[in-house]
*Asks:* 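The structure under discussion is supplied below as structure tokens; questions concerning it will follow.
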Amino acid sequence: RAQHPKRKELERVWKEIDRQISMTPLAVKLPPGSKGTDWYPQLEIPWQFDALEVIAADARRLKFPRGTSWYETKAEMCDSYNQAWLDRRETRPMLGDIPIPMKLDQETADTLVHAVLDHYHRMYDFKGAMDLLDAEAIKYGTYVARVKEVRLAKFSYDFRGESSETVKGPALVPTSIKNTYLDHSASLVMQEGEMIGPSIISWHWQILEDVKRAARVGGTDRGWRPGIVSRLVAHESPDEHKGQIEVLEYEGDLIVPKERSSIFLPNVRIKVAVGKNGPAVIRFQPNEMPFRSWLVGYYMRDDVT
């Protein structure tokens, strides 16, 4: 894969940071009579891990102070919102079996929104996900995550035995900047003409059989191209990626160049697989959400590029 020169430099820096955090010493030639290199990391490597641990702990304390109410909500009320509230109260009471007339004021709306958010946060380790994002930002300066609807298996053990249920809801999924390529094109702010939103590309290895099964289950209604997926050939090299293919997923605005008039496709997702027999587009679909699923943040920006 061809890479931007600045991306290569960033990957070199990330590799060095990982080495220092893991306290892995560089190969050195010891003087005669020396035994072992236990002393070496303490002198050669800065206290990167100690700094990471302290800063991450401070970030956790500031973001999630003691108590359950660590954030505030403010619902945006309108006529349609109020009418939906009244219609729902006629069939689904808040308490008991008989619908109780209730006036929807700002305080009640704020409380309901807060309760819903708390419910979804408790469906998975939300605070743990934020800890991972903070660690990525502290180490590499940038964190990336995806906000998407996922299916979560909830297991419980009590006197009745083991039980499980699958629930669906939004989740914050941390990802690695190492497998993500951000859009570095120049912004077109305050310029006439068409505005193109930023695009992000993620890259990972995936078992070919898993991709084929996902294409069969999802089908063409979900944007899959099962015919092309069935013709993919996995890599056969005798390493950890045997039987796998490379998968690249593009999300953002896309322009397909044509001689007379180019095609503009806003907010789409395109998945490309690279197997032994070359690349192929295996999935194309509009984004199901009106907003981008990617969340990008920074620890501290020291330049504009």
*Asks:* So, R61 and D58, do they make that salt bridge, N to O below 4.0 Å?
*Replies:*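 Yes, R61 and D58 are salt-bridged.
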
*Asks:* Check whether any side-chain heavy atom of D134 sits under 4.5 Å from a side-chain heavy atom of I55, and report yes or no.
*Replies:*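 They are not in side-chain contact.
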
*Asks:* Check the pair Q106, D110 against side-chain hydrogen bond (donor to acceptor under 3.5 Å, both in side chains), reporting the backbone distance first and the verdict last.
*Replies:* CA-CA 6 Å; Q106 185 66 53; D110 295 344; 2.8 Å; yes

*Asks:* Is the F126 ring parallel, tilted or perpendicular to the W70 ring (thresholds 30°, 60°)?
*Replies:*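 Because their plane-to-plane angle is under 30°, the rings of F126 and W70 count as parallel.
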
*Asks:* Please check if the number of heavy atoms outside K242 that lie under 6.0 Å from its NZ is greater than 12.
*Replies:*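 Atom NZ in K242 is not crowded, with 12 or fewer foreign heavy atoms closer than 6.0 Å.
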
*Asks:* Supply the atom-to-atom distance T175 OG1 to W294 CH2, rounded to the nearest 0.5 angstrom.
*Replies:*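 Here the interatomic distance stands at 4.5 Å.
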
*Asks:* Taking it one step at a time, do R283 and R269 satisfy side-chain contact (heavy atoms from CB on, under 4.5 Å)?
*Replies:* CA-CA 8 Å; R283 191 177 187 184; R269 294 179 181 174; over 6 Å; no

*Asks:* Over all heavy atoms of both residues, which pair between G169 and Y120 is shortest? Give the atoms and the distance, please.
*Replies:*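 Smallest heavy-atom distance, with atoms named: CA-CE2, 3.9 Å.
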
*Asks:* Taking V256 as the starting point, is it possible to reach V272 by hopping between hydrophobic residues whose side chains are less than 4.5 Å apart?
*Replies:*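 Yes.
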
*Asks:* Rounded to the nearest 0.5 Å, how far apart are CG of D183 and OH of Y250?
*Replies:*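 Those atoms lie 7.0 Å apart.
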
*Asks:* Give the minimum heavy-atom separation between M289 and S293, together with the two atoms involved.
*Replies:*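 Closest approach of M289 to S293, heavy atoms only: CE-CB, 3.6 Å.
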
*Asks:* Check whether more than 12 heavy atoms from other residues, nucleotides or ligands sit under 6.0 Å from atom NZ of K276, and answer yes or no.
*Replies:*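 Counting other residues, nucleotides and ligands, NZ of K276 stays at 12 neighbours or fewer.
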
*Asks:* Going by the side chain to side chain contact (heavy atoms under 4.5 Å, CB included) test, name the single residue among V229, V247, V211 that passes it with K271.
*Replies:*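 That would be V247.
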
*Asks:* Quick check on the hydrophobic clustering: are Y143 and M130 connected, directly or via other members, by side-chain heavy-atom contacts under 4.5 Å?
*Replies:*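 Yes.
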
*Asks:* Before giving the answer on salt bridge (Lys or Arg N to Asp or Glu O under 4.0 Å), spell out for R12 and E9 the whole-Å C-alpha distance, their side-chain angles and the decisive distance to 0.1 Å.
*Replies:* CA-CA 5 Å; R12 185 193 67 80; E9 175 61 19; 2.7 Å; yes

*Asks:* Taking all non-hydrogen atoms of both residues into account, name the closest pair between G243 and A234 and its distance.
*Replies:*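 Residues G243 and A234, closest heavy atoms: C-CB, 3.5 Å.
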
*Asks:* With a 4.5 Å limit on heavy-atom distance, are the side chains of I270 and V281 in contact?
*Replies:*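 Result yes, sub-4.5 Å side-chain heavy-atom pair found.
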
*Asks:* CG of L112 to CG of L117: how many Å apart, nearest 0.5 Å?
*Replies:*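 L112 atom CG to L117 atom CG measures 11.0 Å (nearest 0.5 Å).
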
*Asks:* Give a yes or no on this: more than 12 heavy atoms of other residues, nucleotides or ligands lie within 6.0 Å of atom OH of Y298.
*Replies:*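 More than 12 within 6.0 Å, yes.
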
*Asks:* May I ask whether Y299 and W14 are part of the same hydrophobic cluster, defined by side-chain heavy atoms of I, L, V, M, F, W, Y residues being less than 4.5 angstrom apart, directly or through others?
*Replies:*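 Looking at the clustering, W14 is in the same group as Y299.
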
*Asks:* Taking NZ in K15 as the centre, count heavy atoms belonging to other residues, nucleotides or ligands within less than 6.0 Å. Is the count above 12?
*Replies:*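 For K15, atom NZ is not crowded (no more than 12 foreign heavy atoms under 6.0 Å).
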
*Asks:* Any side-chain heavy atom of E149 within less than 4.5 Å of one from K168?
*Replies:*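 SC-SC contact between E149 and K168 confirmed.
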
*Asks:* For a quick test of reading the model, state the closest non-hydrogen atom pair linking P174 to L133 and the distance between them.
*Replies:*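 Where P174 meets L133 most closely, the heavy atoms are CB-CD2, 3.7 Å.
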
*Asks:* Taking atom CG of D50 as the centre, report whether more than 12 heavy atoms of other residues, nucleotides or ligands fall under 6.0 Å from it.
*Replies:*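 More than 12 within 6.0 Å, yes.
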
*Asks:* Do you know which two heavy atoms are closest between V150 and A171, and how far apart they sit?
*Replies:*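 Smallest interatomic distance, heavy atoms only, reads CG2-CB, 3.5 Å.
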
*Asks:* Would you list the pairs meeting salt bridge (Lys or Arg N to Asp or Glu O under 4.0 Å) in which at least one residue belongs to residues 201-229, sequence neighbours left out?
*Replies:*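 Every salt bridge (Lys or Arg N to Asp or Glu O under 4.0 Å) pair that includes a residue of residues 201-229, provided the two are not neighbours, is R222-E288.
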
*Asks:* Could you tell me which non-hydrogen atom of V274 sits nearest to which non-hydrogen atom of H235, and how far apart they are?
*Replies:*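 Closest approach of V274 to H235: O-NE2, 3.3 Å.
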
*Asks:* Can you confirm whether L248 sits close enough to Y181 that some side-chain heavy atom of one is under 4.5 Å from a side-chain heavy atom of the other?
*Replies:*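 Of all side-chain heavy-atom pairs linking Y181 with L248, none is under 4.5 Å.
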
*Asks:* Is there a side-chain contact between I282 and W224, using heavy atoms and a 4.5 Å cut-off?
*Replies:*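 The answer is yes, as the side chains (C-beta and beyond) meet within the 4.5 Å cut-off.
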
*Asks:* Working note: L182 + T142, criterion side-chain contact (heavy atoms from CB on, under 4.5 Å); need CA distance, chi angles, decisive distance, verdict.
*Replies:* CA-CA 10 Å; L182 304 179; T142 305; 4.2 Å; yes

*Asks:* Could E16 and R19 be called an ion pair, given the rule that one side-chain N must be under 4.0 Å from one carboxylate O?
*Replies:*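 A salt bridge links E16 with R19.
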
*Asks:* Kindly indicate whether the side chain of D253, heavy atoms from C-beta on, has any atom under 4.5 Å from the side chain of I255.
*Replies:*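 Heavy-atom side-chain distance check fails, nothing below 4.5 Å.
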
*Asks:* Decide whether L10 and V296 are clustered together by the hydrophobic rule: side chain heavy atoms of Ile, Leu, Val, Met, Phe, Trp, Tyr closer than 4.5 Å, transitively.
*Replies:*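 Both belong to a single hydrophobic cluster.
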
*Asks:* Would you say D125's side chain and A129's backbone share a donor-acceptor pair under 3.5 angstrom?
*Replies:*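 Flag not set: sc D125 to bb A129 has no pair under 3.5 Å.
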
*Asks:* Rounded at 0.5 Å granularity, tell me how far CG in L208 sits from CD1 in I245.
*Replies:*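 Atom-to-atom, L208:CG and I245:CD1 are 5.0 Å apart.
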
*Asks:* Is there side-chain contact between V144 and I200, with at least one heavy-atom pair below 4.5 Å?
*Replies:*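 Contact flag for V144/I200 side chains = no.
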
*Asks:* Ring-plane angle category for H114 and Y71, please: parallel below 30°, perpendicular beyond 60°, tilted otherwise.
*Replies:*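 Judged by the thresholds at 30° and 60°, the geometry between H114 and Y71 is parallel.
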
*Asks:* To the nearest 0.5 Å, what is the distance between NZ (K139) and CG (D18)?
*Replies:*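 Result: 5.5 Å between the selected atoms.
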
*Asks:* Under a single-linkage definition using a 4.5 Å side-chain heavy-atom cutoff for Ile, Leu, Val, Met, Phe, Trp and Tyr, are Y140 and M300 assigned to the same hydrophobic cluster?
*Replies:*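 Looking at the clustering, M300 is in the same group as Y140.
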
*Asks:* Parallel, tilted or perpendicular: which one describes the rings of H241 and W205, with boundaries at 30° and 60°?
*Replies:*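 Parallel.
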
*Asks:* Return yes if some donor-acceptor pair links the side-chain N/O of Y124 with the main-chain N/O of L172 below 3.5 Å, else return no.
*Replies:*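 Yes, Y124 side chain to L172 backbone: donor-acceptor pair under 3.5 Å.
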
*Asks:* State whether R60 and D131 are salt-bridged, where the test is any N-O pair (Lys NZ or Arg NE/NH1/NH2 against Asp/Glu carboxylate O) under 4.0 Å.
*Replies:*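 Looking at R60 and D131, the cut-off is met.
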
*Asks:* Run the salt-bridge test on K8 and E11 with the 4.0 Å N-O cut-off and return the result as yes or no.
*Replies:*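 Result for this pair is no, no salt bridge flagged.
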
*Asks:* Using a strict threshold of under 4.0 Å (side-chain N to carboxylate O), is an ion pair present between R292 and E251?
*Replies:*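 Looking at E251 and R292, the cut-off is not met.
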
*Asks:* What's the separation between atom OG1 in T180 and atom CZ in R146, rounded to the nearest 0.5 Å?
*Replies:*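 Reported value, rounded in 0.5 Å steps: 9.0 Å.
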
*Asks:* Can you check whether F284 reaches V268 side chain to side chain, under 4.5 Å on heavy atoms?
*Replies:*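 Yes, side chains in contact.
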
